[in-house]
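Notes for the one structure printed next.
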Amino acid sequence: MKREADLKALVKQRTWDKEVFVWLGSEKSLIGALGSAKHVVLDLLDLFQPDNLPPDDDATKDAIHEQLRQRLRAMPKGPDNRTILIVKSIGLLARYRVGLKDFYDWFVGSYTLVALLLEGSAEKTDWPDEVRSDTKRLLDYFNEPGMVKDIYTANG
């Protein structure tokens, strides 16, 4: 795991290399580490309409892919739009085995980064009581080959 200082150094680089990373810490600490860098927050729960939820796992996975692609394609990119996308509720990506291909295909590049926010089990989350978030399992999932480049921590 890398420290907050390493993330600050990455953010200051002139260009980036198609990077998706996990931030292990609070949203507030991540935004603090980003400093004045432009960022946008995307909560994956916002991809769904509460009154029109998919009927099963396959439909949910398809809906995540479709809605995510639309959102990512609509975001401005380029030298004049250096942006770090903070993604919340990343447990959905693991739960439905969505992976990160959409982020790599439609968003990350020389002027865009993706930060997957993993607030940790000690943090307060908006998940229903019957849903459990296992930080170690999520870290293992996102640390598989072809997923994230690095994991940064606020407590490193």
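All of these numbers come straight from a predicted model, not from anything done at the bench.
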Point to revise | Residues which pass ring-ring contact (aromatic ring centres under 6.0 Å, His included) with Tyr141, listed by chain and number, not counting sequence neighbours | key: none

Study note, to complete from the structure: In terms of heavy-atom contacts, Leu117 and Glu27 come closest through CD2-CB, 3.6 Å

Check your understanding: Linking I/L/V/M/F/W/Y whenever their side-chain heavy atoms sit closer than 4.5 Å, directly or via other members, would Met1 and Leu34 fall into one cluster?
Key -> no

Practice item. Would you mind telling me which of Leu113, Val40, Ile31 makes a side-chain contact (heavy atoms from CB on, under 4.5 Å) with Ile84? Key: Leu113

Name the atoms and distances for all side-chain donor-acceptor pairs under 3.5 Å in residues 5-15, with sequence neighbours left out.
{"unit_1": "Asp6", "atom_1": "OD2", "unit_2": "Arg3", "atom_2": "N", "d": "2.9"}
{"unit_1": "Lys8", "atom_1": "NZ", "unit_2": "Glu4", "atom_2": "OE2", "d": "3.4"}

Review point. Linking I/L/V/M/F/W/Y whenever their side-chain heavy atoms sit closer than 4.5 Å, directly or via other members, would Leu24 and Val114 fall into one cluster?
Key: yes

**Study point:** Least distance between heavy atoms, Asn81 atom then Thr112 atom
**Key:** O-CG2, 4.5 Å

Point to revise | Close side-chain approach of Tyr152 and Lys2, heavy atoms under 4.5 Å | key: yes

Exercise for review: Would you check if Trp16 and Arg82 make a side-chain contact, meaning some heavy-atom pair closer than 4.5 Å?
Suggested key: yes

Check your understanding: Which residue pairs satisfy the ring pair (Phe, Tyr, Trp, His ring centres under 6.0 Å) criterion with at least one member in residues 49-107, sequence neighbours excluded?
Key -> none

Practice item. May I ask you to test the Phe142-Ile90 pair for a side-chain heavy-atom distance under 4.5 Å? Key: yes

Practice item. Check whether any side-chain heavy atom of Leu68 lies under 4.5 Å from a side-chain heavy atom of Leu42, and answer yes or no. Key: yes

Point to revise | Enclosure of Lys101 NZ (heavy-atom neighbours >12, cutoff 6.0 Å) | key: no

Revision key, fill the gap. Val108 and Glu19 have their tightest heavy-atom pair at CG1-O, 3.4 Å

Exercise for review: Give a yes or no on whether Val20 and Met147 share a hydrophobic cluster (residues Ile, Leu, Val, Met, Phe, Trp, Tyr; joining criterion: side-chain heavy atoms under 4.5 Å apart).
Suggested key: yes

Revision key, fill the gap. Rounded to the nearest 0.5 Å, the CD1 atom of Ile64 sits from the CZ atom of Arg95 at a distance of 9.0 Å

Check your understanding: Is it true that Asp105 and Arg69 make a salt bridge, defined as a side-chain N closer than 4.0 Å to a carboxylate O?
Key -> no

**Study point:** Test item: Lys88 side-chain N/O and Ile86 main-chain N/O as donor-acceptor pair under 3.5 Å
**Key:** no

Practice item. Can you see which heavy atom on Ala154 is nearest to which on Gly25, and at what distance? Key: CB-CA, 4.3 Å

Point to revise | Joint cluster assignment, Tyr111 & Leu72, ILVMFWY side-chain distance < 4.5 Å | key: no

Review point. Do Leu85 and Val41 come close enough that some side-chain heavy atom pair is under 4.5 Å?
Key: no

Practice item. Would you indicate whether Glu144, at its atom CD, is surrounded by more than 12 heavy atoms from other residues, nucleotides or ligands within a distance under 6.0 Å? Key: yes

Exercise for review: Report yes or no: do Val87 and Leu30 belong to one cluster of Ile/Leu/Val/Met/Phe/Trp/Tyr joined by side chain heavy-atom distances under 4.5 Å?
Suggested key: no

**Study point:** Ionic contact status for Lys136 with Asp140, cut-off 4.0 Å
**Key:** yes

Review point. Taking it one step at a time, do Trp23 and Thr153 satisfy side chain to side chain donor-acceptor pair (under 3.5 Å)?
Key: CA-CA 6 Å; Trp23 174 260; Thr153 181; over 6 Å; no

Check your understanding: Taking all non-hydrogen atoms of both residues, which atom of Asp46 and which atom of Arg71 are closest, and how far apart?
Key -> O-NH2, 3.3 Å

Check your understanding: For Val98 and Leu92, which heavy atoms make the closest approach, and how far apart are they?
Key -> CG2-O, 4.4 Å

